[in-house]
2 protein chains.
Amino acid sequence: MTSTLGFAILAVLARGDRTGYDIAAAMRRPIGFFWTAGHSQIHAELQKLRTACLVGYEARHGPGPQDKKVYHLTDEGAAELRGWVTRPPKERPERDELVLKTYAAWLAEAGLVRRMFADQLAAHEARLAEYEREEAAFDGPPPFGDPRFGNYATLRCGLGYERHRAEWCRWMIDQLGDSDSL
Amino acid sequence: MTSTLGFAILAVLARGDRTGYDIAAAMRRPIGFFWTAGHSQIHAELQKLRTACLVGYEARHGPGPQDKKVYHLTDEGAAELRGWVTRPPKERPERDELVLKTYAAWLAEAGLVRRMFADQLAAHEARLAEYEREEAAFDGPPPFGDPRFGNYATLRCGLGYERHRAEWCRWMIDQLGDSDSL
DNA sequence: CTGCACTATGTCTGAAGTGACATAGTTGAT
DNA sequence: ATCAACTATGTCACTTCAGACATAGTGCAG
């Protein structure tokens, strides 16, 4: 009954022991590119994982009102995670506000729509440049079995996504007339 | 304070008057490709839109315990919708289970991962074929200002997405070795 | 020595969303 | 005639999630 968020946490823990705080940091980057969660959600989920014996922790002295808890995967947790990885993902409903706006774009002024897409294009190009820098830091794909393979493969996905998205923005801008209204 | 779902409903109503049931059908296809909602959510949201005077309805006799309600946009609703279309979309957190699995894929057997990606690839290719058939039904992009422009532009986005995704799946399968384990 | 950013854990409220339950007339096939 | 599928509206319980609130020690800069 572990939720997808639970598996996201297990996936972080598979790379090394972490506190809840550290996991929350990983949920911003690099996991944040494909799964996000606030720290409130993470602490609650860690308690559930604890109850299910998929993780354990050692309390250590640290700052804050409570001791800090360094979490680790149990053997059971590792087995659950390995099983989950190759189970077909359940498809989630798509929710893309920009595409929804596009569906209704015929109601608006072409100039305003073009500006919105120009902004989106700029954002995609910035992210693309960032991902390309990250890719350059790799020396080709790491071998499967290396945790860095996960990082590289997801980066490849992000790269492809940003390219597709940028191209679509360019197509939209083209459709909206070249140099008139603004 | 209208939610994105509210605007999705207004976008449907901008194309013609509908009952809640009809809106729910549109939320499966074609809107469902980029925004989904169950009928329970839709009926609740229609009541809110009603209270905010963005839609109105006429009750007509129809099947079922209550009269059917044919909803229409008010002038106020149409203005709200037009204003929303060109406001920059607020970015939602990405949540992609397949990419999350990929991040943890180094833990699993390559053969099982390859099979999962082969299944995904098949699904993307099927959707791609469907979208290409739909695109062929258009005689090039309709003019901006025509509601059909919205359908065509979102279809273009879907086409690009499926191609990017299929390509990534093929890359993954390549990485996982060509003809050994199964 | 003051104040800020960071580490660190947790609770609570409310919104958004999913799926089941409830009800009932119309239409078409067998 | 009967049965299933479709039209049609709505409620309820539950889960997920985001953001605010609460608390408090450490380490560094000015």
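For clarity, every value in this text was computed on a predicted model and none was experimentally measured. A note on names: the letters A, B, ... follow the listed sequences, proteins ahead of strands, and every chain is numbered from 1.
Within 4.0 Å of Gly62(B), counting heavy atoms only, lies no atom of the nucleic acid at all. Residue-level contact check: Ser3(B) touches the backbone only, with heavy atoms under 4.0 Å from sugar-phosphate atoms and none from bases. Contact annotation for Arg95(B): backbone-only contact, meaning every heavy-atom pair under 4.0 Å involves sugar-phosphate atoms and none involves a base. Residue contacts for Arg60(A): at a heavy-atom cut-off of 4.0 Å it reaches no nucleic acid atom on any strand shown.
Of the possible donor and acceptor atoms, none in the side chain of Thr19(A) sits under 3.5 Å from a partner among the backbone N and O of Lys69(A). The backbone N or O of Tyr71(A) sits nowhere less than 3.5 Å from a side-chain atom of Arg18(A) that would complete a donor-acceptor pair. Side-chain atoms of Thr36(A) do not come within 3.5 Å of backbone N or O of Gly32(A) as any donor-acceptor pair.
OP1 or OP2 of dA8(D) has not a single side-chain nitrogen or oxygen of Arg18(B) nearer than 4.0 Å. A sub-4.0 Å separation between OP1 or OP2 of dT16(D) and a side-chain N or O of Gln41(A) is absent. Between Lys68(B) and the phosphate of dG25(C), there is no side-chain N or O to OP1/OP2 separation shorter than 4.0 Å.
The cationic atom of Arg163(A) (NZ for Lys, CZ for Arg) does not lie both less than 6.0 Å from the six-membered ring centre of Tyr131(A) and within 45° of the ring axis.
For the pair Arg50(A) CZ and dT9(C) C1', the interatomic distance rounds to 16 Å; values are reported in whole Å. Glu45(A) has its CD atom 9 Å from the P atom of dC17(D), to the nearest Å. Put simply, CD on Glu58(B) is 14 Å from P on dT9(D), counting in whole angstrom units. Whole-Å rounding puts the Leu46(A) CG to dA8(C) C1' distance at 13 Å. Between the CD1 atom of Ile31(B) and the P atom of dG17(C) there is a distance of 15 Å, rounded to whole Å. The distance from atom CG of Asp67(B) to atom C1' of dT26(C) is 15 Å, rounded to the nearest whole Å. Separating the CD1 atom of Ile9(A) from the C1' atom of dC17(D) is a distance of 13 Å, rounded to the nearest angstrom. Summarising the geometry, the separation between NZ on Lys48(B) and C1' on dA16(C) is reported as 8 Å, rounded to the nearest angstrom.
Among the nucleotides dG19(D), dT9(C), dG10(D), the one closest to any side-chain atom of Ser40(A) is dG19(D). The side chain of His39(B) has dC21(C) as its nearest neighbour among dA8(D), dC17(D), dC21(C).
Heavy-atom contacts from other residues, nucleotides or ligands closer than 6.0 Å to CD of Glu167(B) number 12 or fewer.
Of the residues near DNA chain D, Arg92(A) and Asp22(B), the one whose nearest nucleotide (by heavy atom distance) lies more toward the 5' end is Asp22(B). The 5' end of DNA chain C is approached more closely, in terms of each residue's nearest nucleotide, by Pro63(A) than by the other of His43(A) and Pro63(A). Residue whose closest nucleotide on DNA chain D sits further toward the 5' end, between Pro93(B) and Pro65(B): Pro65(B).
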